[in-house]
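All values derive from a computational prediction rather than experimental measurement. Just so we're on the same page: letters track the sequence lines, and every chain starts at 1.
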Number of protein chains: 2
Amino acid sequence: MKGTTLSVITAIDTYDIRFPTSRELDGSDAMNPDPDYSAAYVVLRTSDDGAEGHGFTFTIGRGNDVQVAAIQALSGHLVGRSVEEVCADPGAVSRDLIGDSQLRWLGPEKGVMHMAIGAVVNAVWDLAAKREGKPLWQLLADAEPEWLVSQIDFRYISDALTPDEALDLLRRGQEGAGERAEELLRRGYPAYTTSPGWLGYSDEKLTRLAEQAVADGFTQIKLKVGADLADDVRRCRAARAAVGPDVRMAIDANQRWGVGEAIEWTNALAEFDPYWIEEPTSPDDILGHAAVRAGVAPIKVATGEHVQNRVVFKQLLQAGAIDVLQLDSARVAGVNENLAILLLAAKFGVPVCPHAGGVGLCELVQHLSMFDFVALSGTTENRVIEYVDHLHEHFLDPVVVEAGHYRAPTLPGFSAEMDPETIATFEYPHGAFWTADLAGLAGTEVPA
Amino acid sequence: MKGTTLSVITAIDTYDIRFPTSRELDGSDAMNPDPDYSAAYVVLRTSDDGAEGHGFTFTIGRGNDVQVAAIQALSGHLVGRSVEEVCADPGAVSRDLIGDSQLRWLGPEKGVMHMAIGAVVNAVWDLAAKREGKPLWQLLADAEPEWLVSQIDFRYISDALTPDEALDLLRRGQEGAGERAEELLRRGYPAYTTSPGWLGYSDEKLTRLAEQAVADGFTQIKLKVGADLADDVRRCRAARAAVGPDVRMAIDANQRWGVGEAIEWTNALAEFDPYWIEEPTSPDDILGHAAVRAGVAPIKVATGEHVQNRVVFKQLLQAGAIDVLQLDSARVAGVNENLAILLLAAKFGVPVCPHAGGVGLCELVQHLSMFDFVALSGTTENRVIEYVDHLHEHFLDPVVVEAGHYRAPTLPGFSAEMDPETIATFEYPHGAFWTADLAGLAGTEVPA
């Protein structure tokens, strides 16, 4: 007899999950030579038997424990609250967490504390979607525009987007939403792949993976650049030769450059027809991105995976600093702030091509793009979700990418839940893998 | 026989220090109604008997433990290193900490991790200044311009300030530095006081403290605003009546407003002749500050206590968004990044009026302004350091403010060291005060 007694959130359990990805140079780029893909993972436990919300934020190894501590600092805001109320209004939870007047000092709305809030807020949405029996993209697409607007914190963005404008955009997005949902279920959402382009890979591996990407149906790949110009020229030439002239090839500097260097270096690679230059400089440098964009056109400028919040995205759009907006599911304060960012992008007419990869970021972010297609922008033109084929096997509802498209998830929730076996194995430092590894068993085999 | 054996850093000890300031509404403003001033405190221990470096970052209560965890995550970069090498080149330490490729993901260069780096870097400077037998301001003022330039990370700012320009500014600053050092020791550095203006104080207390401030020799006070316009009108009127027409009265909204509201609200207080409006909106909103500045002139716009790093300060200056730059000693990555910020301000001709208050921020930041006066900008015109008369008694070398001026410290170091008794009493949650308080002893008296 669910629902007859009040169900409450009973605990926020946290887990420091780390994968030893640095050993294969997966994910290596000019700023991140040796990432150990990690998740500060959170489970909202409830008094409702079996009802749980799962969420996480992504890190690349050291500091994952700091992220876990930050999530724990938030638990007082959730434990004891009614599951029904929390799920009916995740925006109230988000505002409550962001508004903690003492914790706010540690940001505000940026870095460790903001990512922790994102993990918790995303777990609330996972719980809400499971209770509704819908995948998150569908819950959002089915929601009333008025309710979605109520989920957004317009503080600091109303000079660029008012609640009324947001409502108009969402109402317009409802037209034809049913047909687009069917199209989505039939065809999926376009993806591009970064798998060929890690900086630590040999030219041979790069070429082989680039050819494979085209054979697999991808129409865009991405290469890491920025460590050494001669290497970049050689690698871009090899990749362009492998994929031919019609497949888009993006390049990604991972913030390696200052403004002047970004312009020079990007233009030095122009002969290989890069589609966009991603993270040419500091994610905080709005005016710098605007200068880079002016200096490298017609090559497009993209950023977002490290953009800290909606206020910086707002300015990137106001300043005309980007051609492509790369929101991340777990960098900002979760679904609510990403709704604001999707609406800002729609208002300014800038396509969203989300950042993904790492661990679990593909699983999460697909829901946001699919909602955007079905019920907001209404298009996938010039829009692709990043795809990297790492670590999906650790999730209970892993992404499925076929013929260059993400297949729409149909299971209830936010696709955030990890296999319990994974948690037992990769929890740091006491999981089975790390216990063996830290005991000095050389060459510990990484379980599949 | 100091120096004959290699001295190394043996440990980084951390302490979660919290003061129950919320009980008196000290420090209450429109965004921070009940701060418990706190410090995530770090001591660099060395193998050199008695040589220690002390540093901290400031928080307002909850989350101080997250800050401590972040500092601990950095310890591997310092422990075991030569004290001599570290003190000879704190810039190398700073770059090493900022450059940790895995921890960098948690920022980059913002929020919890960046403040943690600031605490550690500041502790290195405290150690270095103690070894030199000089107060930090003097160590910096005596340093060779070339060495100071080597201490700065120009990444992401060289489009606004090149190393050569920095060198020129510092060389120009050397002219007359000796005379200015004497003047500083004789007269001190101008201060303004925020003590009258906390939002939680009654009008009677506000008036009494404002009159006292003038009697004490201050030529500027500051009031918190932004919660309720009618209250602000009444309080500004009372304060202006108390101080007369010639004392500057700044107002501070602590990020309460969006852009449009900031302009309207500030202009509604214009009749009381506010000198500056501080933190009118999000510290991340560079374009927003520029719009506010255009909308409230001739009232000046000031911000900085929450500005996350040199990249955002650079843009505030590039965009002509601020009249007054309010750097904070413990928000960015310590002395090295603040040198970059002081140089940017000098390049753009914008006066620096540092944020202080909280616990220990006055003690730290006075050194930066004094260096700036002696050996960089060469002036105190339109420059004042914030002063709040709270918690100084907990430091071994507390600030001394007389006749509206900070007296120049003369003891070696960065004035960062707390009384051991304070640490024993206010360490959270096991110090004597908190043990009694958390045991529920109602009305626990706060030790002086």
Side-chain angles (χ1 to χ4, degrees), chain A residues 22 31-36 38 58-70 72-73 76 100-116 154-159 255 258-261 281-288 291 306 308-309 311-312 314-315 318-319, chain B residues 31-36 38 58-70 72-73 76 100-116 154-159 255 257-261 281-288 291 306 308-309 311-312 314-315 318-319:
Chain A
S22 61
M31 290 297 257
N32 311 297
D34 57 352
D36 282 329
S38 302
F58 169 63
T59 81
I60 61 175
R62 283 185 298 280
N64 205 45
D65 50 333
V66 178
Q67 216 37 84
V68 167
Q72 288 168 344
D100 182 307
S101 68
Q102 295 189 349
L103 292 175
R104 190 179 181 281
W105 190 268
L106 305 185
E109 300 192 55
K110 58 180 65 74
V112 167
M113 277 316 307
H114 209 49
M115 291 161 72
F154 286 91
R155 173 172 272 183
Y156 305 141
I157 60 170
S158 57
D159 55 324
Q255 313 167 24
V259 172
E261 195 182 16
T281 190
S282 165
D284 308 341
D285 199 347
I286 294 141
L287 303 178
H306 267 100
Q308 65 206 33
N309 59 34
V311 185
V312 177
K314 176 192 76 169
Q315 293 173 85
Q318 288 174 318
Chain B
M31 289 297 257
N32 311 297
D34 57 352
D36 281 329
S38 302
F58 169 63
T59 81
I60 60 174
R62 283 185 297 281
N64 205 46
D65 51 333
V66 178
Q67 214 41 81
V68 166
Q72 288 169 344
D100 182 307
S101 68
Q102 294 188 350
L103 293 175
R104 190 179 182 280
W105 190 269
L106 305 184
E109 302 192 54
K110 59 181 61 78
V112 167
M113 278 315 308
H114 209 50
M115 291 162 73
F154 287 90
R155 174 171 272 183
Y156 305 141
I157 60 169
S158 57
D159 55 323
Q255 313 166 25
W257 304 317
V259 172
E261 195 182 15
T281 190
S282 165
D284 308 340
D285 199 347
I286 294 141
L287 302 178
H306 267 101
Q308 65 205 32
N309 60 33
V311 185
V312 178
K314 176 191 76 169
Q315 293 174 85
Q318 288 174 318

Checklist entry - So do B:V312 and A:D285 actually touch side chain to side chain, heavy atoms under 4.5 Å? => result no
Next on the checklist: Taking side chain as everything from C-beta outward and backbone as N, CA, C, O, which of these in A:F58 sits under 4.5 Å from a heavy atom of chain B? Side chain, backbone, both or neither.
Outcome noted: both
Checklist outcome for this item: Checked A:S282, A:A69, A:G258, A:G111 vs chain B; the most non-hydrogen pairs under 4.5 Å come from A:S282
Checklist outcome for this item: Of A:H114, A:E109, A:K314, the largest count of non-hydrogen pairs under 4.5 angstrom with chain B goes to A:K314
Item to check | Region of A:Q255 in contact with chain B, defined by heavy-atom distances below 4.5 Å | outcome: both
Next on the checklist: With chain A as the partner, which of B:G260, B:A291, B:S38, B:G107 has the greatest number of non-hydrogen pairs under 4.5 Å?
Outcome noted: B:G107
Checklist entry - Looking only at heavy atoms, which two atoms of B:D34 and A:S101 are closest? And how far apart? => result OD1-OG, 3.1 Å
Item to check | Heavy-atom proximity to chain A below 4.5 Å, by part of B:A73 | outcome: side chain
Item to check | salt bridge (charged side-chain N to carboxylate O under 4.0 Å, His left out) partners of B:R104, counting only residues at least two apart | outcome: none
Item to check | Donor-acceptor under 3.5 Å (B:Q102 side chain, A:N64 main chain) | outcome: no
Item to check | Contact class of A:D36 relative to chain B, heavy atoms under 4.5 angstrom | outcome: both
Next on the checklist: So which atom in B:P108 and which in A:H306 form the shortest heavy-atom distance, rounded to 0.1 Å?
Outcome noted: CD-CD2, 3.2 Å
Next on the checklist: Between B:Q67 and A:W105, is the side chain to side chain contact (heavy atoms under 4.5 Å, CB included) condition met? List the steps.
Outcome noted: CA-CA 11 Å; B:Q67 214 41 81; A:W105 190 268; over 6 Å; no
Checklist entry - Looking at A:L103, A:I60, A:N309, which makes the most heavy-atom pairs under 4.5 Å with chain B? => result A:I60
Checklist outcome for this item: Whatever's closer than 4.5 Å to a heavy atom in chain A on B:S158 counts as neither
Item to check | Which portion of A:R62 sits near chain B, non-hydrogen atoms under 4.5 angstrom | outcome: both
Checklist entry - Which of the residues B:V311, B:I157, B:T281, B:V68 is involved in the greatest number of heavy-atom pairs with chain A at under 4.5 angstrom? => result B:V311
Checklist entry - Which bit of A:P283 comes within less than 4.5 Å of chain B, counting heavy atoms only: side chain, backbone, both or neither? => result side chain
Item to check | Which portion of A:T59 sits near chain B, non-hydrogen atoms under 4.5 angstrom | outcome: both
Next on the checklist: Looking at chain A, which one of B:D100, B:V259, B:L106, B:D159 has the largest number of heavy-atom pairs inside 4.5 Å, strictly under?
Outcome noted: B:L106
Checklist entry - Got a sec, which residues hit salt bridge (charged side-chain N to carboxylate O under 4.0 Å, His left out) with A:K110, two or more places apart in sequence or on another chain? => result B:D284
Next on the checklist: Strictly distance-based, threshold 3.5 Å: is any side-chain N or O of A:Q315 a donor or acceptor partner for the main-chain N or O of B:I286?
Outcome noted: yes
Checklist entry - Any side-chain heavy atom of A:Q72 within less than 4.5 Å of one from B:D65? => result no
Item to check | Proximal component of A:A116, with respect to chain B [non-hydrogen, under 4.5 Å] | outcome: neither
Checklist entry - Using non-hydrogen atoms only, which part of B:Q308 is less than 4.5 Å away from chain A: side chain, backbone, both, or neither? => result side chain
